[in-house]
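Everything on this sheet refers to the single structure shown next.
It should be emphasised that the depicted structure is a prediction, and the values quoted were computed from it without experimental measurement. Just follow the structure's listing: the first ligand is 1, and inside any ligand the first atom is 1. In what follows, every heavy atom counts, from backbone to side chain, and hydrogens, waters and symmetry copies are set aside.
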Amino acid sequence: MSKNPTPLDRVREFEREQAMKLSAEERPLFHLTPLVGWMNDPNGFCWYKGQYHLFYQYHPFSRQWGPMHWGHAVSDDLLHWTYMPCALAPDTAADAGGCFSGSAVPMPDGRLMLVYTGVQPAGTFRRETQAQCLAVGDGTDFEKSLLNPVIRHAHLPEGYSEFDFRDPKVWRDDDGMYRLVVSNRHEEKAGTVLLMESRDGLDWSFVTEIDASCREYGQMWECPDFFRLDGKDVLIVSPQEMHAREEFHAGYGTVAVLGQYDGKERAFRRESVQPVDHGLTFYAPQTTLAPDGRRIMIGWMDNWETCKEAPRRHPWYAQMSAPREVFIENGRLCQRPVREIEGLWQDTLRYDDIPVCNEMPLPGVQGRLMDMTVSLNMKDSSCRRFTLKAARDSSHYVEIRCDLARGELVFDRSHGGSHRDIAHTRHVIAEPKDGKLSLRLLMDKESIELFINGGERVVTSLIPTPLDAEGITFAADAPVAMSVEAHHLR
Ligand code: FRU
């Protein structure tokens, strides 16, 4: 280290010391965890110089949220991650209160541009303010612009907040312009998403407001993303303080608004609104475009309520979700685990048309590292209830209870080992299609991600269950034909 180490030098030194002490064994197999300390939102997710880069909201010095840095990891396949040195520390006047969430875009000259929220600490009589900052670098080291913050409250029309103004998601269009969406809390409309544009990344102008909550879908909208997919323009936001309505649960949610954006009119027309994920622990997702054109999404596999009560068993806290490919089917945003996961498949087991009634295991189908698809064929069956228990031992289990008559399932981790008074169940629509229901479970030690009917709905949840609870059982109230394809993961 140099004689006068900067705050970033000190974090990087701390990371080197910690890295030597930490074992990979304890970590999930393929879900990204922070090198050390605390992690929240995925940031700067991009394909750059032949690799995926994923940055994350990071507090290296404890397993609680604290002054925000950007952690960094790279991967060839979205599943095996290599840690890079911490990318940003809160060390300038424009971001002394934290380097909050943001995004990355490769520049035509080969450098990588990061756009993030700088938090300026409160002065006398003023609350802390938020504005957008720029840093440019080579994929490892980034230089912050001396003009930071490059997007200020003064850029916005009246009525928008200088206190809740964050999480820019940037891209570069074919016309050579940088564009970004950013969240802002409007006086009357609550959460809004604003579109801004710039030729050089330094000089930005306000284009339009893409959409607003108007208190229908929560208050402040965090971490927006905006992209074109299969003929739709998709806006994703993570609202705070949602009221339960339709398929949305109360609290921290994820919302996808599908519609059409007219660039000439500068207007977005809503067509439909749906939750992105129905689980207990999924928030602040971010997407990027893979070189082959797939739109890949990763979320923080947690939320601001559940993380408070979650056990801190490792020298790090929190995980990202599995990377998912998103696509539109029947007018809905759907998701499937990226196909790279097939590279982890080992010892595949297949059972076809097994009659299930009384609770039963299947030989070889057990463990906490698994990609398993269960399909029920309801033809000629009077089965109304089907129950799958996983992560099971004599005192624990996580349960998926399907009510086939109502077309609904309950994901229930109440018996998963937590003694905390937080949400443990979620009700989700799960309707058999042409007499079939399919459930794909991705299990990676302390999490389950459930993809219903090929990903039309997804339920993501951390489970605190001891790792030796490995049992899996199936039961139905009347005989039903079940097929199972189970891949152990390695
Ligand atoms: C979302 C969020 C963002 C913010 C970041 C701070 O989870 O609250 O709005 O930028 O986390 O860590």
Side-chain angles (χ1 to χ4, degrees), residues 34 37-45 54-72 86-90 94-104 114-121 127-133 135 149 151 160-170 180-186 190-194 213 217-225 235-242 251-255 276-277 279-287 297-308 310 317-321 460 462:
W38 162 276
M39 174 174 88
N40 54 289
D41 316 349
N43 292 162
F45 188 21
L54 186 59
F55 301 82
Y56 50 88
Q57 287 286 280
Y58 181 36
H59 183 230
F61 302 118
S62 86
R63 289 168 298 175
Q64 303 292 345
W65 191 87
M68 277 292 111
H69 297 63
W70 275 34
H72 185 192
C86 177
L88 300 175
D95 61 20
C99 300
F100 275 20
S101 281
S103 50
L114 309 182
V115 189
Y116 66 97
T117 300
V119 178
Q120 299 89 50
R127 278 169 55 193
E128 58 174 38
T129 53
Q130 301 183 338
Q132 319 318 317
C133 295
I151 305 179
Y160 294 102
S161 170
E162 64 182 307
F163 307 114
D164 280 305
F165 182 24
R166 57 182 178 270
D167 310 339
K169 174 72 195 313
V170 67
L180 62 77
V181 284
V182 58
S183 293
N184 193 291
R185 188 195 296 259
H186 186 270
T192 64
V193 174
L194 311 180
S213 167
Y217 296 98
Q219 299 296 320
M220 178 60 181
W221 277 357
E222 300 190 301
C223 298
D225 201 341
L235 174 68
I236 290 182
V237 291
S238 294
Q240 300 174 320
E241 300 163 66
M242 284 273 289
Y252 291 97
T254 48
V255 174
V276 178
D277 191 293
L280 290 151
T281 55
F282 187 86
Y283 196 68
Q286 191 170 90
T287 70
M297 179 173 77
I298 290 184
W300 179 35
M301 194 154 53
D302 221 315
N303 85 38
W304 291 107
E305 216 66 67
T306 48
C307 68
K308 289 183 204 150
Y317 177 75
Q319 317 186 16
M320 292 302 173
S321 73
T460 297
L462 289 173

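A salt bridge between Asp167 and Lys169 is absent, with no side-chain N of the basic residue lying under 4.0 Å from a carboxylate O of the acidic one.
Partners of His72 according to the side-chain hydrogen bond (donor to acceptor under 3.5 Å, both in side chains) rule, which considers only residues two or more places apart in sequence or in another chain, are His53. In this structure Tyr317 satisfies the ring-ring contact (aromatic ring centres under 6.0 Å, His included) test together with Trp38, sequence neighbours excluded. By the salt bridge (charged side-chain N to carboxylate O under 4.0 Å, His left out) test, Asp41 is found to be paired with no residue, residues two or more places apart in sequence or in another chain being considered.
Donor-acceptor pairing under 3.5 Å is recorded for the side chains of Asn43 and Ser101.
No donor-acceptor pair under 3.5 Å is formed between the side chain of Ser213 and the backbone N or O of Gly191.
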Enumerate, one pair per line, all nitrogen or oxygen atoms of ligand 1 lying under 3.5 Å from a protein nitrogen or oxygen, stating the separation to 0.1 Å; write 'none' if no such pair exists.
from     : atom 1 : to     : atom 2 : distance (Å)
ligand 1 : 7 (O)  : Asp41  : OD1    : 2.7
ligand 1 : 7 (O)  : Asp41  : OD2    : 3.2
ligand 1 : 7 (O)  : Trp304 : NE1    : 2.9
ligand 1 : 8 (O)  : Glu222 : OE1    : 3.4
ligand 1 : 8 (O)  : Glu222 : OE2    : 2.7
ligand 1 : 9 (O)  : Arg166 : NE     : 2.8
ligand 1 : 9 (O)  : Asp167 : OD1    : 3.4
ligand 1 : 9 (O)  : Asp167 : OD2    : 2.6
ligand 1 : 9 (O)  : Glu222 : OE2    : 2.8
ligand 1 : 10 (O) : Ser101 : N      : 3.1
ligand 1 : 10 (O) : Asp167 : OD1    : 2.6
ligand 1 : 11 (O) : Asn40  : ND2    : 3.2
ligand 1 : 11 (O) : Asp41  : OD2    : 3.1
ligand 1 : 12 (O) : Asn40  : ND2    : 3.0
ligand 1 : 12 (O) : Gln57  : OE1    : 2.7
ligand 1 : 12 (O) : Trp65  : NE1    : 3.0

